[in-house]
Enquirer: 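Here it is, the structure in full.
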Amino acid sequence: MTETTEQHETTGQRKTDTGPHRAPAHVHADQRDGTAREDDKQRQLDGFRVGAEGATLTTDQGVPVAHDDDSLKAGERGPTLMEDFQLREKLTHFDHERIPERVVHARGAGAYGYFELYDSLAEYTRASLFTKTGVRTPVFVRFSTVGGSRGSADTVRDVRGFAVKFYTDEGNFDLVGNNMPVFFIQDGMKFPDFVHAVKPEPHNEIPQASSAHDTLWDFVWQQPETMHMMMWLMSDRAVPRSFRMMQGFGVHTFRLVDAQGRATFVKFHWLPRLGVHSLAWDEAQQVAGADPDFNRRDLWDSIEAGHFPEWELGLQLISEDEARALDVDLLDPTKLVPEERVPLRIVGRMVLDRNPENFFAETEQAAFHLGNLVPGIDVSEDPLLQARLFSYLDTQLIRLGGPNFAQIPVNRPVADVHNNQRDGYHQMRVHQGESSYERNTVGGGRPAQADPSVGYDSAPVNVEGTKLRRRAGSFSDHYTQAALFWRSMSEVEQEHIAAAFGFELGKVGRVEIREGVLEHIARVDTGLAERVGSWIGLKPPEAEPVGPLTASRALSQRHRPGDGSLCARKIAVLAADGLSGASFEHVRRELAELGADVEIVAPHAGEVSSEDSAGPAKPLTAAHSLLTAKSVIFDAVLVADGRRSTDVLRARPDVAEFLRQAYRHGKAIGVWGSGRDVLAAARLNGEQRDAAVGHGAGTPAEEGVLVADGSAAEDAALSEFTAAFGAAVGRHRAWDRTLPAKTV
Ligand code: HEM
């Protein structure tokens, strides 16, 4: 018997199974042709599912329980008896349900899927993951915020974690990255300091999941290496519309290693099919209240709806010689290599197509680690990366309660596991044999060492030096790339960055911290410092401009619109009893065909009456009342035709506020038929708008505001309107409408 056959302690069944409990599917990549395939992980997980539907309730010992509502007492009104083993077991288990949350990245959501390689990298690496084209390697991905606790809101200003576990046939490879390509600090020695500074302040544990407080900005002031990353953190990247609409980055430089041991530097980039899109800051703050699970729900819903999130993997491959010619040190994690300098080679795609079935068992117990490497992939000497190599395994030992967490279903490899690592808390395997050591003449487990052509080997990098605690001189420029980022932004993005600095520093109480940070900002760009200074009432100091610098188009979100698809974009249709059901159904159907999720928001939830006999056969249902739905949880808003409906809507202040807020947040707004009157009454932007402006099918009154006369009788006109509206939603936002009032 091989060791992995003993691992399956629990048998179970899928929720949909009706048959007897199945023995776990036993996945051995090497029993076929040595290749891990997309469903291998799922088949392995099948063996651990426990479905209790229809089963008899038992204790943990399997004893049937006939009475689960009352404890065992001495008399009806007497004290509870110590001997009540049922009660004690139930309470004890409950008392121990919580495990520590992750020390950072505590709040997250995950999904399964696959990575498919379409361009072999055999010339650079022997990793099967990157050489077998067409093969779909199973993955589990967890997205997260960094600073907040497990129960904090999704849409706070923060970096997002983007951690990918590839279950390859050569073992697990984890790419534990973020949605920004650089980091705050250059050396792992500073990580605890940085995290202590950004987390809630220790005396009163305020503020939760926010960088807008004295200690974080004090750290920034004292540690100017943070400046490049602070530019990213103040940008729209820090408030993504969706996990599906973020880039991902490995951040550090890694190495790909070929069969001869030749190494090439590599930087990993994930590129979302849907483009890179963000919330407006005002919107993000309101979503945090209206739906704290906004990003988590979006990921879950899109997968359930079959709109599978997708990214392409792009690599920057850099030889040692090319590295020497770059004007940045590849070992410095506060620097990026512009794509214009080293273009991306797109090699594959990742698709997430399955939600986990149990949040705790899978997402919460997932353990990613930078040191989970496979043959052909190696680390670099980046001092931040080197510290991470220690930290993940160390923290997981306590978070997951001992050294056997690789046996937890979500963490276990699809590849076979054989070694002499034994015992410890939560050991699930029943190892066979008399001995558990090597070298060994007794026999027993005795896994043989792999052939060198198969086993992991570190890149033979020449390393020597004098022991010292010092930062490399090549790491010392903290401003040039921060300025590159600033100069690469569109006008709207720049305005958002300036306002974000203004917001955050505006929450800093100590004026000397504000002044100190403003000095650093002035060294990045004096124009930016002027704008920030005007928000916080300070005059920035004189500073020497950095440069000359060209911009990098690739850094601006504006150049990553994506495919414009409406995959699981949420559209609200404001309506009341008496709407035109036929025209509504027409618009709904056409938007749904584009992938959008169209929901009626009405004065009351439940059935809404339609005014026309030609309306839909089934009654229309409002998914939300105006009490439960705010415009911030939708991407766009429509107002339906129907005189009786619009007469109600145009008199309601909450409808006017819904539209005004959507307008302020740059969202597409569309009205047809008598819906025009509701728009006119809303006085968008405080003005009485002439609802006749721009009418005609799909004619924009201004960018993203579409007004049509179309009624049910004019199908072609309505289709034209719907198509124009859909295109506006696909463009995400009319960003100019989101600009905060300028103070300069
Ligand atoms: C020396 C610097 C760093 C240290 C010491 C460190 C440490 C940690 C620790 C202890 C965790 C919790 C892990 C767990 O409980 O399972 C964590 C999570 C994480 N870290 Fe880091 N980190 C560092 C830098 C970074 C950087 C630069 C990135 C991005 C490239 C990053 C990305 C992540 C992600 C994505 C997670 C969440 C993984 C998950 O979803 O479970 N960290 N980090």
Side-chain angles (χ1 to χ4, degrees), residues 155 241 279-292 294 297-298 569-580 583-584 587-588 591 596-606 608 620-689 691 700-708 721-722 725-726 728-729 732-735 737-738:
T155 57
R241 156 64 181 86
L279 300 171
W281 175 231
D282 177 66
E283 182 187 8
Q285 290 174 84
Q286 298 195 42
V287 175
D291 185 4
F294 186 72
R297 191 188 306 284
D298 169 272
R569 288 277 189 177
K570 283 176 79 84
I571 298 173
V573 181
L574 293 172
D577 288 320
L579 83 156
S580 154
S583 65
F584 165 77
V587 170
R588 191 205 60 76
L591 288 172
D597 184 4
V598 182
E599 290 176 337
I600 294 179
V601 178
H604 60 82
V608 194
L620 295 171
T621 306
H624 311 269
S625 77
L626 282 158
L627 210 56
T628 58
K630 304 287 166 213
S631 82
V632 292
I633 63 170
F634 296 95
D635 289 294
V637 189
L638 288 164
V639 184
D641 183 26
R643 178 56 60 198
R644 202 151 56 82
S645 162
T646 51
D647 279 351
V648 170
L649 296 184
R650 70 185 176 152
R652 290 188 65 121
D654 49 3
V655 168
E657 181 50 27
F658 200 104
L659 285 165
R660 274 191 225 125
Q661 198 176 48
Y663 178 82
R664 262 201 325 277
H665 295 151
K667 293 175 184 179
I669 297 176
V671 298
W672 77 93
S674 63
R676 290 167 55 203
D677 298 346
V678 181
L679 184 66
R683 301 169 76 93
L684 298 185
N685 223 4
E687 295 162 22
Q688 179 68 55
R689 218 157 260 279
E702 64 173 278
E703 196 198 337
V705 181
L706 291 113
V707 181
F721 164 77
T722 310
F725 179 76
V729 181
H732 186 62
R733 293 284 195 275
W735 278 117
R737 282 194 245 138
T738 66

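No experiment lies behind these values; they were computed from the predicted model shown.
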Enquirer: What's the spacing between D654 CG and L659 CG if we round to 0.5 Å?
Expert: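 CG of L659 is found 10.5 Å from CG of D654.
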Enquirer: Walk me through whether E283 and R664 qualify under salt bridge (Lys or Arg N to Asp or Glu O under 4.0 Å).
Expert: CA-CA 9 Å; E283 182 187 8; R664 262 201 325 277; over 6 Å; no
Enquirer: Would a 4.5 Å heavy-atom cut-off, applied to side chains only, mark L638 and W672 as touching?
Expert: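 Of all side-chain heavy-atom pairs linking W672 with L638, at least one is under 4.5 Å.
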Enquirer: For V707 and I669, what are the C-alpha separation, side-chain angles and deciding distance, and is it a side chain to side chain contact (heavy atoms under 4.5 Å, CB included)?
Expert: CA-CA 8 Å; V707 181; I669 297 176; over 6 Å; no
Enquirer: Is any side-chain heavy atom of L591 less than 4.5 Å from a side-chain heavy atom of F725?
Expert: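 In short, these two side chains touch, coming nearer than 4.5 Å.
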Enquirer: So L679 and V705, do their side chains get closer than 4.5 Å, heavy atoms only?
Expert: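 Result yes, sub-4.5 Å side-chain heavy-atom pair found.
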Enquirer: Apply salt bridge (charged side-chain N to carboxylate O under 4.0 Å, His left out) to D647 and list each qualifying residue two or more places apart in sequence or on a separate chain.
Expert: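 Partners of D647 by the salt bridge (charged side-chain N to carboxylate O under 4.0 Å, His left out) criterion, ordered by chain and then number, come out as R643, R650.
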Enquirer: Keeping the roles fixed (side chain from S645, backbone from A576), state whether a donor-acceptor pair exists under 3.5 Å.
Expert: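 Yes, S645 side chain to A576 backbone: donor-acceptor pair under 3.5 Å.
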Enquirer: So which atom in A640 and which in T646 form the shortest heavy-atom distance, rounded to 0.1 Å?
Expert: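 Result for this residue pair: O-CG2, 3.3 Å.
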Enquirer: Looking at side-chain heavy atoms only, is the closest gap between V639 and F658 below 4.5 Å?
Expert: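 A side-chain contact under 4.5 Å is absent here.
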Enquirer: Closest approach of A575 and I600, non-hydrogen atoms and distance?
Expert: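 So the two residues come closest at CB-CG2, 4.1 Å.
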Enquirer: Is V637 close to K667 at the side-chain level, that is, under 4.5 Å between some pair of heavy atoms?
Expert: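 No, too far: nothing below the 4.5 Å cut-off.
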Enquirer: Hey, is D641 close enough to R676 for a salt bridge, meaning N to O under 4.0 Å?
Expert: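 R676 and D641: not salt-bridged.
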Enquirer: Taking 4.0 angstrom as the limit, do R644 and D577 come out as a salt bridge?
Expert: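 A salt bridge is absent here (no side-chain N lies under 4.0 Å from a carboxylate O).
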Enquirer: Find the distance between CZ (R588) and CG (L620) and round it off to the nearest 0.5 Å.
Expert: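 Rounded to the nearest 0.5 Å, the CZ-CG separation comes to 9.0 Å.
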Enquirer: Describe, in one word, how the ring planes of W735 and H732 are oriented to each other, choosing from parallel (under 30°), tilted (30 to 60°) and perpendicular (over 60°).
Expert: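 Tilted, since the angle between the ring planes falls between 30° and 60°.
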Enquirer: Going from CG on L649 to CG on D677, what distance comes out if it is rounded to the nearest 0.5 angstrom?
Expert: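 Answer for the CG-CG pair, L649 versus D677, is 10.5 Å.
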Enquirer: Going by side-chain contact (heavy atoms from CB on, under 4.5 Å), V655 matches just one of V601, V678, V648. Which one?
Expert: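 So the option named by the test is V678.
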Enquirer: Sequence neighbours excluded, which residues qualify as side-chain contact (heavy atoms from CB on, under 4.5 Å) partners of K570?
Expert: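 With sequence neighbours excluded, K570 shows a side-chain contact (heavy atoms from CB on, under 4.5 Å) to D597, E599, F634, D635, given in chain and number order.
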Enquirer: I'd like to know if E703 pairs up with R733 as an ion pair, taking the criterion as any Lys NZ or Arg NE/NH1/NH2 lying under 4.0 Å from an Asp or Glu carboxylate oxygen.
Expert: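 No, no charged N to carboxylate O under 4.0 Å.
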Enquirer: Provide the closest heavy-atom pair for S674 versus G642 in the form atom of the first, atom of the second, distance.
Expert: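 Heavy atoms only, the tightest pair is OG-N, 3.1 Å.
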Enquirer: Kindly indicate, with the supporting measurements, whether the criterion side chain to side chain contact (heavy atoms under 4.5 Å, CB included) is fulfilled by Y663 and E702.
Expert: CA-CA 11 Å; Y663 178 82; E702 64 173 278; 3.0 Å; yes
Enquirer: In Å, rounded to the nearest 0.5 Å, how long is the span from CZ of R683 to CZ of R660?
Expert: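 Reported to 0.5 Å precision, the distance equals 8.5 Å.
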Enquirer: I'd like to know if the side chain of K630 reaches the main chain of G289, judged simply by a donor and an acceptor atom lying under 3.5 Å from each other, with no hydrogens or angles considered.
Expert: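 Pair absent, no side-chain N/O of K630 close to backbone of G289.
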Enquirer: Tell me the closest heavy-atom pair linking T155 and A284, and the distance in Å.
Expert: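 What the structure gives for the nearest pair is OG1-O, 2.8 Å.
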Enquirer: Do you know the tightest heavy-atom contact between F584 and L579?
Expert: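 Reported closest heavy-atom pair: CB-CD1, 3.8 Å.
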Enquirer: When you compare the side chain of R737 with that of H665, does any pair of heavy atoms fall below 4.5 Å?
Expert: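 SC-SC contact between H665 and R737 ruled out.
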